[in-house]
Structure formats: structure tokens, C-alpha cells
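Lettering follows sequence order; numbering is per chain, from 1. Computation of the quantities below employed the complete heavy-atom set of this structure, encompassing side-chain atoms and omitting hydrogens, waters and symmetry-equivalent molecules.
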Amino acid sequence: MSAFVDECRQEWKRLGVPDLLAEEMATELEADLAEAAADGVSAAELLGESDPRRFAASWAGERGLVRDPAPPKRRRRVWPWVVVALFLVLFAAWLALQAAGHSSASRGRPVEGMQPRRVRVPNVIGMKACKAVRRVARSGVDDWRVAEHVHGYTCDLIVVGQTPVGRAIRRPGHPVMVTLRLGRN
Amino acid sequence: MAAESRRSQMLRGVLDLCLLAVVVDEPAYGYEMTRRLRERGLSTVGEGSIYPLLGRLEREGLVATHREVSDGGPPRKYYSASPSGRRALAEGVRAWRDVRGEVDSVLATIEAEVAG
């Protein structure tokens, strides 16, 4: 019997029931259990409960002696934020790719639909053919045409003439006609 | 098992009235109330205990309590129906009788004996 009451005491202490009231309940319970035992009535029969802690919590709760437990923290849903973050990362990556593509296009082949309205023709005279091709491609006037050459078109050839001249303003895709020679004149 | 559970559920709604009924005329301590219930035919109160219920009645002011020295033992806590407890008991008994009458009307034609 006293073991049952002792467990009740511990539970009331854990629940924050004031000592005076816990002791009052313990005394009442102990006296009733002793009298019931004398009548041949078991604790479980009297209390309808064999778990002292559950019994103690129920009694104290109904008497309003248990401090209201702090409301459980609402678990924030993480996954919507993960989705949003992922979307933002992907969007930022897409923007970066677009910017890189645009930058590349502005230096080289203009992207269709994003072409600048005018480009400056680079001056490639004196450059080796391959370097000149790249420079022309980056400028946006990328229609490279060889007007005249000797020994075929190789990187070793030197640009000795161009039309339009360097720094001229033309539409994108305007042809650049170059004259190539093997070595400088 | 199912029958016992149903009995417990039905008792749960009226056990507070039964407790008030056994202390409306004369105060009693916890175990004494159990004894009075048994004497009036309610031998078991089903799941749970009268103590939490007494706690609720006390919190709601439906029972008054006082301590009384017992013979040779520790002072006992006595419960008695407060004025509001008496009113609640009267209203509860009226409601119980209404419900019991309605349910009886519905169940009156049902054969109670179950073929075994």
C-alpha cells in the first residue's frame, strides 16, 4: 500500500503539485487504502487503477493542481522552405547562365533575339588568321569571309586587309572581308 | 469485455450524480462513499476511480470538504454536497430520468435474452 502511495507522491512532486495538497491527498489515500484492505478490498478494486502514477496524475489533474504544461512548440514545416530555397537556387543558377550566355554573346556570337542593334568591327589587320577569326567572332560581326588568300587558309596566314575597316559600326552578322597573306608584306 | 466497457462508459456520465447522491444527506470520506455506493447496488464504478471525480467536484465547488478526526487514525477528509452541488444533483437526476425514459422507449421492444 505505502509503495503505491509513495509512487503517487513522486508523481505529484514531478507534476508540481504543492506539497501541502500532495500530502493531504496522500494521507487521504493511505487511510482509505488501509480501511479497504481491512475489508478485503484491494487497491486496484478501490481505485479502478493499478498504475499509481497514472492514478496520481488523473486525480491531481481533475483537482486542477497540475500546472498547465507549456504548449508544445509548433514544429515548423521545413520542407516548404527547402522547396523555396531550391527554387531560388535554381532560378539564380538559370539567371547566372543567362547572364554568362549574354556576356559571351556580347563578346562573340550574338544570341538570336538578343542581338545588339549595332556592333563595332574589330581591327584585325596584322593578326594571324586564327586569332583574327576569334576576334571577329567575339565582336558580333561574325560573318568571316576570306577575300583573298594564298596557300589555303591556315592559322599562319596574316590579315593584311579588311572591309569594313576596324572600328566601323555595322549590324550584327555583317560580313567582314579579309585579305590574307603568308607572312607580313 | 465489450459489455464491461459499455457499462463503464454509461457510468462515466452519471457517476458524479451518484457521488453527490451518497453525500447529500450525510458527509462521507472517500472509502466510505465507495461503501455507500456498494450498499446501494453499485459495486464497481468501472474504469477509473472516484478520487479524480471527487477532485473535479471539489474544483467545481459542487462538494464542500472538511477534516474530521477519526478514532485512532489520521484525520479524514469528508465530502458533502454544497448548495450548488444539490442543485446540480437535482438537474442531473431530472436529465438522467428523461434520457433513461427515452432510451427505454426505444429499447422496450428488444428481446433482452440472448440465445446462448
Would B:Arg76 and A:Glu28 count as a side chain to side chain contact (heavy atoms under 4.5 Å, CB included) if you check the C-alpha gap in whole Å, the side-chain angles of each, and the deciding distance to 0.1 Å?
CA-CA 6 Å; B:Arg76 311 297 295 259; A:Glu28 180 181 1; over 6 Å; no
Do A:Phe55 and B:Pro52 have side chains that get closer than 4.5 Å, going by heavy atoms?
yes
Determine whether A:Glu35 and B:Thr34 make a side-chain contact, defined as any pair of heavy atoms from C-beta on separated by less than 4.5 Å.
no
Would you kindly confirm whether [X] and [Y] end up in one hydrophobic cluster when ILVMFWY residues are joined by side chain heavy atoms under 4.5 Å apart?
X: A:Val66; Y: A:Leu21; value: yes
X: B:Val99; Y: B:Val106; value: yes
X: A:Val165; Y: A:Val159; value: no
X: B:Val93; Y: B:Leu11; value: yes
X: B:Leu19; Y: B:Trp96; value: yes

About how many Å separate [atom2] of [Y] and [atom1] of [X], when rounded to the nearest 0.5 Å?
X: A:Trp59; Y: B:Leu53; atom1: CH2; atom2: CG; value: 12.0 Å
X: B:Thr65; Y: A:Glu24; atom1: OG1; atom2: CD; value: 7.0 Å
X: A:Asp39; Y: B:Arg38; atom1: CG; atom2: CZ; value: 6.5 Å
X: B:Arg67; Y: A:Thr27; atom1: CZ; atom2: OG1; value: 6.5 Å

More than 12 heavy atoms of other residues, nucleotides or ligands under 6.0 Å from CG of A:Asp19: is that the case?
no
Might you confirm whether atom CG of A:Leu88 has over 12 heavy atoms from other residues, nucleotides or ligands at distances under 6.0 Å?
yes
Between A:Leu46 and B:Ser49, which heavy-atom pair has the shortest distance, and what is it?
O-OG, 4.5 Å
Scan side-chain atoms only and decide if B:Tyr51 and A:Glu62 contain a donor-acceptor pair under the 3.5 Å cut-off.
no
Quick one: do B:Glu58 and A:Arg63 satisfy side chain to side chain contact (heavy atoms under 4.5 Å, CB included)? Show the steps, please.
CA-CA 7 Å; B:Glu58 187 177 3; A:Arg63 280 193 71 179; 3.3 Å; yes
Can B:Tyr31 and A:Leu33 be said to form a side chain to side chain contact (heavy atoms under 4.5 Å, CB included), step by step?
CA-CA 8 Å; B:Tyr31 179 64; A:Leu33 286 173; over 6 Å; no
